Amino acid sequence: MEVTNAKNPFVEDQRQWLISHRDETGMSWADLAKATGIAQGTISQFGSPKGYNGKELPIAEKVERYRQSLAQQANLDAEVPDVPAFFSTDTTDQLERMLGFAQRGHMVAAALEAGCSKTTAAKHYAELFPNVIYVEVRKSASAPNNLLKLILAALGVRGASGGTFDMSQQVCAQLKKMTKPLLVIDEAQHLTEASLEEIRSWNDDIDVGIALFGNIGVLQKLSRYAQLYSRLSLKLQRRCPLPSDVEAMADAWRIANPAIRGELQKICAKLGGLRNGTKALQLAQMIAGAEGQGLNVGHVQSAWQELDVRMVAA
């Protein structure tokens, strides 16, 4: 006798797992539909006691693939060590002092290459202090109108529209409600001249603090606009993290081995800075775990060699 899908042990196993998974996680059928790629109406029927009134085997196979992906992710999470939470470095301390000064109504600019913790410092400062608005600019938001929409969204104004003048007035109105507001624009190298001039006008008109953070070229770009550049009270430029920054990272990872710390200094001195060190340590920990050994300098060197090859290839 042919076994129907309703009695197929494989199908029933996936159904019971799905029901248990939904109960344990509190996920809605809409959430599970997105996660599995199964239509919401179909998966909700499949996960009911009556089952789906159609071919259930293809649905069960998709549920199994989702189940396997969760197991694979759990294994990866167990293998990859957690990156330490925010840790202070000499560079982050300097950047946060700069932001504190800017919040008194000044304009400042920091030009740092990737891996020098400028974004980390800016976000950390925004978490610690009130009236700090952090905005990361994408290239598509470089012109005034899109930039203004992005800033208004960060200020809690959703669906902003209209001309540049009207939206700029809205930004000023929101900022005037705050005591010592600070606007931190990250990836400021993308901004057009018109956007930069609009931002400068806010500092002139309402004394809002402005911090322009970007890559190493942002100060070169700002220097082309004399009226704006002259208003920068503080400037910082750095191509790679300080040796003390790398030491702070090693401390955060609880790395005591001098050979490993020395290797990290070499790795973080390259383009990518502390980001390089973080990736290398994550991969090195995985390699060490797979070999059943404690972390040593050879693991770090092997990890960086693999990562460096991939960066060159990319």
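All residue numbers refer to positions in the sequence shown, counting from 1. Note that this is a predicted model, so its numbers are computed, not measured.
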Student: Which pair of non-hydrogen atoms, one from L264 and one from A250, has the smallest distance, and what is that distance?
Tutor: CD1-CB, 4.2 Å
Student: If you round to the nearest 0.5 Å, how far is CE of M98 from OH of Y125?
Tutor: 12.0 Å
Student: To the nearest 0.5 Å, how far apart are CG in L219 and NZ in K221?
Tutor: 12.5 Å
Student: Report yes or no: does D207 contribute a side-chain atom to a donor-acceptor pair with the main-chain N or O of G105 at less than 3.5 Å?
Tutor: no
Student: Are any of the side-chain heavy atoms of I43 and L18 separated by less than 4.5 Å?
Tutor: yes
Student: For a quick test of reading the model, state the closest non-hydrogen atom pair linking G47 to W29 and the distance between them.
Tutor: CA-CH2, 3.7 Å
Student: Should V132 and V157 be counted in the same cluster of Ile, Leu, Val, Met, Phe, Trp and Tyr side chains packed under 4.5 Å apart?
Tutor: no
Student: Is it true that E64 and R67 have a side-chain N and a carboxylate O under 4.0 angstrom from each other?
Tutor: no
Student: Check whether any side-chain N or O of K235 sits under 3.5 Å from a backbone N or O of Y229 as a donor-acceptor pair, and report yes or no.
Tutor: no
Student: Do side-chain atoms of D245 reach the backbone of T89 as a donor and acceptor pair under 3.5 angstrom?
Tutor: no
Student: Just wondering, do V63 and I38 contact through their side chains at under 4.5 Å, heavy atoms?
Tutor: yes
Student: Measure across A303 and A280 and return the closest heavy-atom pair with its distance rounded to 0.1 Å.
Tutor: CB-O, 3.4 Å
Student: Return the minimal non-hydrogen interatomic distance between A39 and A33, and the atom names on each side.
Tutor: C-CB, 4.2 Å
Student: Around N53, counting heavy atoms of other residues, nucleotides and ligands shown, do more than 12 lie under 6.0 Å from its CG?
Tutor: no
Student: Tell me whether S168 contacts the main-chain N or O of T164 through its side chain, where contact means a donor paired with an acceptor under 3.5 Å.
Tutor: no
Student: How far does CD of Q301 sit from CG of D308, to the nearest 0.5 angstrom?
Tutor: 12.5 Å
Student: Can you find a heavy atom in the side chain of L228 that is under 4.5 Å from one in the side chain of I199?
Tutor: no
Student: For the side chain of Q265 and the backbone of P243, is there at least one donor-acceptor N/O pair under 3.5 Å apart?
Tutor: yes
Student: Could you tell me whether the side chain of N215 and the main chain of E113 form a donor-acceptor pair under 3.5 Å?
Tutor: no
Student: Quick test of your reading of the model: are D204 and R231 salt-bridged, counting only N-O distances below 4.0 Å?
Tutor: yes
Student: State whether the number of non-hydrogen atoms from other residues, nucleotides or ligands found under 6.0 Å of F165 atom CZ is greater than 12.
Tutor: no
Student: Look at the side-chain heavy atoms of Ile, Leu, Val, Met, Phe, Trp and Tyr, link any pair under 4.5 Å apart, and say whether I206 and I185 land in one connected group.
Tutor: yes
Student: Can any side-chain N or O of S195 pair as donor or acceptor with the backbone N or O of S142 at less than 3.5 Å?
Tutor: yes
Student: Could you report the tightest heavy-atom contact between C172 and W202, atom names first, then the distance?
Tutor: SG-CD1, 3.4 Å
Student: Apply side chain to side chain contact (heavy atoms under 4.5 Å, CB included) to residues E197 and Q227 and explain how you reach the verdict.
Tutor: CA-CA 9 Å; E197 283 300 317; Q227 195 173 8; 4.2 Å; yes
Student: Supply the atom-to-atom distance T120 OG1 to F86 CZ, rounded to the nearest 0.5 angstrom.
Tutor: 7.5 Å
Student: Tell me, do L95 and F213 make a side-chain contact under 4.5 Å, heavy atoms counted?
Tutor: yes
Student: Tell me, do W304 and N276 make a side-chain contact under 4.5 Å, heavy atoms counted?
Tutor: yes
Student: Would you call D251-R261 a salt bridge at under 4.0 Å N-O?
Tutor: yes
Student: Check for me, please, whether L155 and M167 land in the same ILVMFWY cluster - side-chain distances under 4.5 Å, paths through other members count.
Tutor: yes
Student: Quick one, V246 and I267 - any side-chain contact, counting heavy atoms below 4.5 Å?
Tutor: no
Student: Under 4.5 Å between any side-chain heavy atoms of L147 and T192, yes or no?
Tutor: no
Student: Using the rule given for side chain to side chain contact (heavy atoms under 4.5 Å, CB included), can you reason through K180 versus N131, listing the C-alpha separation, both sets of side-chain angles and the distance that settles it, and then say yes or no?
Tutor: CA-CA 7 Å; K180 293 184 178 179; N131 301 329; 5.8 Å; no
Student: Going by the angle between their ring planes, with limits at 30° and 60°, are H21 and W17 parallel, tilted or perpendicular?
Tutor: parallel
Student: Is there a path of hydrophobic side-chain contacts, each under 4.5 Å between heavy atoms of I/L/V/M/F/W/Y residues, joining V218 to L191?
Tutor: yes
Student: Quick check: is V184 connected to I151 through a chain of hydrophobic side chains (ILVMFWY, heavy atoms under 4.5 Å apart)?
Tutor: no
Student: Just by distance, do the side chain of S302 and the backbone of H299 share a donor-acceptor pair under 3.5 Å?
Tutor: no
Student: Between the main-chain N or O of S28 and the side-chain N or O of D31, is there a donor-acceptor pair closer than 3.5 Å?
Tutor: yes
Student: Quick one: pull up OG in S117 and CG in D90 and give me the separation to the nearest 0.5 Å.
Tutor: 11.0 Å
Student: Above 12 or not: heavy atoms from other molecules or residues under 6.0 Å from CZ of R22?
Tutor: yes
Student: Of all residues at least two apart in sequence or in a different chain, which pass the side-chain contact (heavy atoms from CB on, under 4.5 Å) check with K139?
Tutor: H190
Student: Starting at OG1 of T278, measure out to CD of Q282 and round the result to the nearest 0.5 Å.
Tutor: 7.0 Å
Student: Would a distance-only check, ignoring hydrogens and angles, find a side-chain to backbone donor-acceptor pair under 3.5 Å from Q103 to L182?
Tutor: no
Student: Closest approach of V208 and P181, non-hydrogen atoms and distance?
Tutor: CG2-O, 3.6 Å
Student: Under the side chain to side chain contact (heavy atoms under 4.5 Å, CB included) criterion, do L236 and Q94 qualify, and how do the steps go?
Tutor: CA-CA 9 Å; L236 176 65; Q94 188 173 0; 3.4 Å; yes
Student: Could you check whether any side-chain heavy atom of H124 comes within less than 4.5 Å of a side-chain heavy atom of T92, counting everything from C-beta outward?
Tutor: no
Student: Going by an N to O cut-off under 4.0 Å, is there a salt bridge joining E187 and K118?
Tutor: yes
